[in-house]
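Keep in mind that the numbers below use all heavy atoms, side chains included, and drop hydrogens, waters and symmetry copies. Keep in mind that what you see is a predicted model, and the values were worked out from it rather than measured. Lettering of chains follows the sequences in order, A, B, ..., and the numbering in each one begins at 1.
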Protein chains: 2
Amino acid sequence: MTDTHQPPRGTGAELKRAILDEARRRLESGGYPALSTRKIASAVGCTATSIYLYFNSKDALIHALIEEGFEDLNSKMMAAIEGDGPVLERLKDAARAYVRFGLERTAYYEIMFMLRPEQMERFPAESYRRARRSLDAFASFASVSPAEGLKRGTIVLTALHGLVALLIAQRVDAQLDREELIESAIHAACTAAVAPPF
Amino acid sequence: MTDTHQPPRGTGAELKRAILDEARRRLESGGYPALSTRKIASAVGCTATSIYLYFNSKDALIHALIEEGFEDLNSKMMAAIEGDGPVLERLKDAARAYVRFGLERTAYYEIMFMLRPEQMERFPAESYRRARRSLDAFASFASVSPAEGLKRGTIVLTALHGLVALLIAQRVDAQLDREELIESAIHAACTAAVAPPF
DNA sequence: GGCTCTAAGTTTACACTGTCAACCACGCCT
DNA sequence: AGGCGTGGTTGACAGTGTAAACTTAGAGCC
């Protein structure tokens, strides 16, 4: 498990890549707690402090992973949104993509959305906004004004986040049929988003 | 700040109380990170290991705080639910109570709902269910069957959780009017909950 | 009084964590 | 040859939660 395989590691930029690769591997297999600077270093064949030559802090390393996660999530949602078909159906497809991402790439989802702010320096707001293009796409849907669109898009995303977060934390009643719950929640959130203003 | 006031601390059950009190104080003033066994101990005038005489682990201590949080949250929501007035309005009032709790007692909310499962042994499921009486009340609303009610109640709670969690993490666009967003999200979630099945 | 038994706390230690300051080694340039 | 910067390591610091062993105080009983 603590795979101390020592592939002739590179140096300089190569080492940086190796560190990032190892961090990604560990995140995917062991989640956030597996991201220890010392463990990453020993697996990659360098010392813990060498990581600081390429990342200002552990958080900076994690930010790089978060960025990767946003890239994946965004592309999946954009693909759904840019499809053809009725607006509501595309919205739902994007929502399904979001939920699927959260449940399949749980470790990524956690570092992207579930780290408490004091626990980690917040992902830079600027990157976050850029990373959130899909929200803008959401916002452009079925909205009278841009402001109303932003609001509605945000509401959908918060609803989806709550669903995913509680599912991940296993804080949803086990009696419920998972798939049915998800589909119903998506339906509720998306139809509300395209409903006439109240 | 690291108030090493040493009030003639008690012993036995009194010490346990003192520990819990200090933990609560620290949680409220400094959030989750302020909950260090050593800091609590030194503030209360005993050693860190003494805490383990009364709590099996740090998590057990936190569980006690979580229980307090649920008690507060539950009573507030139940008060709203058991009021008089139309169902939808009572539902919204309960939702408002939930959101207000999350935004006012943030530190409590975080340990109750936002700790990642690996980070802390999950709050015992049995306690959690008991702590969640308000969900059952939700479920009893506007539902054809109990199963449908549970599902709808869960969907509302997930939506509210997502809203609160992202607000706390400051991951909601700052341009949005906070109060308006909250009110709209509550409206969307609650009206969907009492809508006819789709 | 003197013995034992027990409960309550403390001391000490272990294995971690992220990170910083000082140090060393090498290749390039003058 | 000498100086310098770049890349990396060593060793340390200040934390963390927690387990094992030790000490101390008090109660019950002969």
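- To the nearest angstrom, P of C:dC23 lies 18 Å from CG of A:L53.
- Nucleic acid contact for A:Y54: sugar-phosphate only, since backbone atoms but no base atoms lie under 4.0 Å from a heavy atom of the residue.
- For A:D21, the CG atom is densely surrounded, since the number of other residues' heavy atoms within 6.0 Å is greater than 12.
- What you find for B:I186 and B:A95 is that their closest heavy atoms are CG2-CB, 3.8 Å.
- For the pair A:L15 CG and D:dT6 P, the interatomic distance rounds to 17 Å; values are reported in whole Å.
- Taking only side-chain nitrogens and oxygens, A:T47 comes nearer than 4.0 Å to OP1 or OP2 of D:dT9.
- Spacing between atom CZ of A:F55 and atom P of C:dG18 amounts to 14 Å, rounded to whole angstrom units.
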Practice problem: Starting at the 5' end of nucleotides 16-22 of chain D, put B wherever the base has a protein heavy atom under 4.0 Å, S where only the sugar-phosphate does, and a dash everywhere else. | Solution: BBBB---
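- Among B:F101, B:Y108, B:F70, the single residue meeting the ring pair (Phe, Tyr, Trp, His ring centres under 6.0 Å) criterion with B:F113 is B:F70.
- Regarding B:I19, its CD1 atom lies at a distance of 11 Å from the C1' atom of C:dG9, rounded to whole Å.
- Hydrophobic clustering of Ile, Leu, Val, Met, Phe, Trp and Tyr side chains at less than 4.5 Å, counting indirect connections, unites B:Y54 with B:L27.
- Side-chain atoms of B:R38 never come within 3.5 Å of backbone atoms of B:A48 as a donor-acceptor pair (strictly under, hydrogens ignored).
- Side chain of B:K58 to main chain of B:L35: a donor-acceptor pair is present (N/O by atom type, distance under 3.5 Å, no hydrogens or angles).
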